[in-house]
**Q** 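Below is a structure I'd like to ask you about.
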Number of protein chains: 2
Amino acid sequence: MATTSRGRRIPEATVARLPVYLRILLDQSEAGIANVSSEELADLAGVNAAKVRKDLSYLGTYGTRGVGYEVEYLIYQVRRELGLTHDWPVVIVGAGNLGQALAGYGGFRQRGFPVAGIVDNDPAKVGSLIGDIRVRDVADLAEIVRDHKVSIGIVATPGPAAQEAADQLVAAGVTSILNFAPVVLNAPPGVNVRKVDLAVELQILSYYEQRRAAAAAGSSLHAVPAGSRRGASA
Amino acid sequence: MATTSRGRRIPEATVARLPVYLRILLDQSEAGIANVSSEELADLAGVNAAKVRKDLSYLGTYGTRGVGYEVEYLIYQVRRELGLTHDWPVVIVGAGNLGQALAGYGGFRQRGFPVAGIVDNDPAKVGSLIGDIRVRDVADLAEIVRDHKVSIGIVATPGPAAQEAADQLVAAGVTSILNFAPVVLNAPPGVNVRKVDLAVELQILSYYEQRRAAAAAGSSLHAVPAGSRRGASA
DNA sequence: GATTGTGAAAGCGTTCACAGCC
DNA sequence: GGCTGTGAACGCTTTCACAATC
């Protein structure tokens with residue numbers, strides 16, 4: 001009851017950074033580094049040291065004053081907090097360009113998200129192989145979710161098909177959805193939806209590019225947001 | 001000097017939402033809808049109406065009280081603000097799984113980001129076709145950037161190669177980078193970097209899934225953050 | 001001496017609520 | 001009557017700065 005952090009609420013902004021710290025810690029571990037300070041971690045993560053300390057303090061008091069954090073122990077704690085002590089099989093809906101790339105992307109399996117299946121509603125795609133995964137019919141979705149205990153679904157369909165894909169995932173019992181389609185998905189309460197919109201990211205960059213151009217032609221207002229700059233010098 | 005918004009600074013959070021509004025407005029336009037209220041726009045975007053009004057107020061006062069916003073006019077204004085009045089050719093570094101999917105993804109061209117080229121440092125990949133784009137050698141990067149006036153580069157390499165790819169993009173003259181590799185990139189001041197990390201998104205979902213499971217086994221603390229819930233009922 | 005953990009302050013972003021305008 | 005535009009209030013996030021600890 002004293003050592004577990006069960007029930008502590010971690011701010012969303014912190015949750016979003018923990019995976020970044022984790023990746024860095026794993027690198028450090030592989031490099032044989034036993035301890036790391038908040039400052040080192042901050043440099044590698046591109047944030048400042050106070051933020052790292054505050055973030056990690058939500059997990060518990062795992063550092064040692066004057067020394068820093070023990071890499072292996074911190075890895076274990078971050079993993080536990082993120083729920084990464086076991087794999088989370090995922091199912092992908094949509095075997096187009098993006099779905100295929102995601103299914104073939106080794107990073108998912110490597111980071112604890114093996115692809116339990118990929119489905120499509122196009123009979124022409126069903127049955128084809130992507131890496132060592134065979135595309136199945138969307139009708140098999142519930143079966144895949146049940147058999148592999150899938151909680152997380154990935155929507156990789158074209159925009160117009162995305163809501164139906166999400167509905168089918170929810171009906172199949174999935175409770176978290178990662179949406180790559182460029183639409184806003186509706187899901188019932190209790191289903192967590194996150195969105196990754198590739199073109200939106202480019203449009204955000206476009207905004208700052210355009211500002212830069214406007215600034216060059218006019219005043220000297222800085223066009224690049226402070227948070228996006230990063231010194232190249234060590 | 002009175003009608004252009006040159007110089008107004010728009011909060012980053014707003015900049016990130018403008019592309020979403022734009023997409024919805026384009027849908028409305030195609031559906032032949034002439035006017036839209038902040039409430040309608042908010043529902044479709046999955047945010048609240050006050051936020052929509054505040055966001056749009058940063059662009060100027062383009063609404064009409066008692067009526068709403070004229071769709072076509074607002075599309076024009078959002079486009080102008082985001083710098084989407086012209087295309088932004090992009091260059092992709094890395095012709096692996098993800099790079100290929102991105103190069104073949106029609107959504108980029110459609111939304112104003114045609115793929116001017118894709119390069120790789122693997123001779124086995126150079127020369128192959130992805131859709132109608134031929135993979136070129138990374139040595140041609142500067143030439144592609146110059147010839148197509150590319151400002152935005154996309155890093156789609158494996159993690160270990162990403163920093164070198166970014167350096168080459170910067171050397172070639174690119175001033176904005178969208179990074180898909182799971183590493184923190186260093187770039188000189190003046191170069192804007194955004195990151196999309198697919199596994200990180202899954203890890204964030206994993207956190208809330210894990211909390212849900214912990215909550216089910218214990219108290220009733222809600223595991224899904226308020227901002228991620230969305231009612232399914234109309 | 002070094003570095004963490006954390007209150008307090010400052011800065012942002014969101015939401016409220018209503019005056020202003022059509 | 002309906003809807004926008006916005007000051008003010010609120011809450012979340014970041015940063016500061018320093019006491020506590022090794």
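Numbered from 1 within each chain, the chains take letters A, B, ... in sequence-line order. All of these numbers come straight from a predicted model, not from anything done at the bench.
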**Q** 5'-most contact on DNA chain C: A/Gly66 or A/Ser57, nearest heavy atom basis?
**A** A/Gly66

**Q** Cut-off 3.5 Å, side chains only: do A/Gln77 and A/Tyr73 have a donor facing an acceptor?
**A** yes

**Q** Using heavy atoms to find the nearest nucleotide of DNA chain D for A/Asn48 and A/Val67 separately, return the residue whose nucleotide is more 5′.
**A** A/Asn48

**Q** For C/dG5 and A/Tyr69 - does any side-chain N or O of the residue sit under 4.0 Å from the phosphate oxygens OP1/OP2?
**A** yes

**Q** Does any donor-acceptor pair link the side chain of A/Arg65 with the base of C/dT3 at a separation under 3.5 Å?
**A** no

**Q** Got a sec, which pairs hit side-chain hydrogen bond (donor to acceptor under 3.5 Å, both in side chains) with one end in residues 84-93 of chain A, sequence neighbours left out?
**A** A/Trp88-B/Ser206

**Q** Can you give me the closest heavy-atom contact between B/Ile92 and B/Ala156, atom names plus distance?
**A** CG2-CB, 4.2 Å

**Q** Kindly say whether B/Ser37 contributes a backbone atom to a donor-acceptor pair with the side chain of B/Glu40 at under 3.5 angstrom?
**A** yes

**Q** Can you confirm whether B/Glu39 is buried at CD, in the sense that more than 12 heavy atoms of other residues, nucleotides or ligands lie under 6.0 Å from that atom?
**A** no

**Q** If I take atom NZ in residue A/Lys51 and atom P in nucleotide C/dG5, what distance separates them, rounded to the nearest angstrom?
**A** 18 Å

**Q** Mind calculating the distance between CZ (B/Arg53) and P (C/dC16) to the nearest angstrom?
**A** 11 Å

**Q** Students should find this one: the first and last nucleotides of DNA chain D, 5' to 3', lying under 4.0 Å from a heavy atom of chain B. What are they?
**A** D/dG2 to D/dA8

**Q** From OH of B/Tyr62 over to C1' of C/dC21, roughly how many Å is that when rounded to an integer?
**A** 19 Å

**Q** Evaluate the criterion side-chain hydrogen bond (donor to acceptor under 3.5 Å, both in side chains) for residue pair B/Asn192 and B/Ser176; output intermediate values, then yes/no.
**A** CA-CA 5 Å; B/Asn192 197 2; B/Ser176 290; 4.9 Å; no

**Q** Could you state the CD-P distance from A/Glu12 to C/dG13, rounded to the nearest angstrom?
**A** 15 Å

**Q** C/dC12 C1' sits how many Å from B/Ile10 CD1, rounded?
**A** 16 Å

**Q** Between the two end axes of the helix from C/dG1-D/dC22 to C/dC22-D/dG1, each built from 5 base pairs, what angle do you get to the nearest 10°?
**A** 0°

**Q** Under a 3.5 Å distance rule, please check whether B/Arg194 uses its side chain to pair with a backbone N or O of A/Leu202 as donor and acceptor.
**A** no

**Q** Evaluate the criterion side-chain hydrogen bond (donor to acceptor under 3.5 Å, both in side chains) for residue pair B/Tyr69 and B/Asn35; output intermediate values, then yes/no.
**A** CA-CA 5 Å; B/Tyr69 302 86; B/Asn35 283 278; over 6 Å; no

**Q** If I take atom CG in residue A/Leu56 and atom P in nucleotide C/dG5, what distance separates them, rounded to the nearest angstrom?
**A** 8 Å

**Q** Rounded to the nearest angstrom, tell me the gap between atom CD in A/Glu70 and atom C1' in C/dT3.
**A** 16 Å

**Q** Using atom CG of A/Asp55 as one end and atom P of C/dT6 as the other, report the distance to the nearest whole Å.
**A** 13 Å

**Q** Is it the case that the side chains of A/Thr64 and A/Glu70 hold a donor-acceptor pair, with the cut-off being a distance below 3.5 Å and no angle test?
**A** no

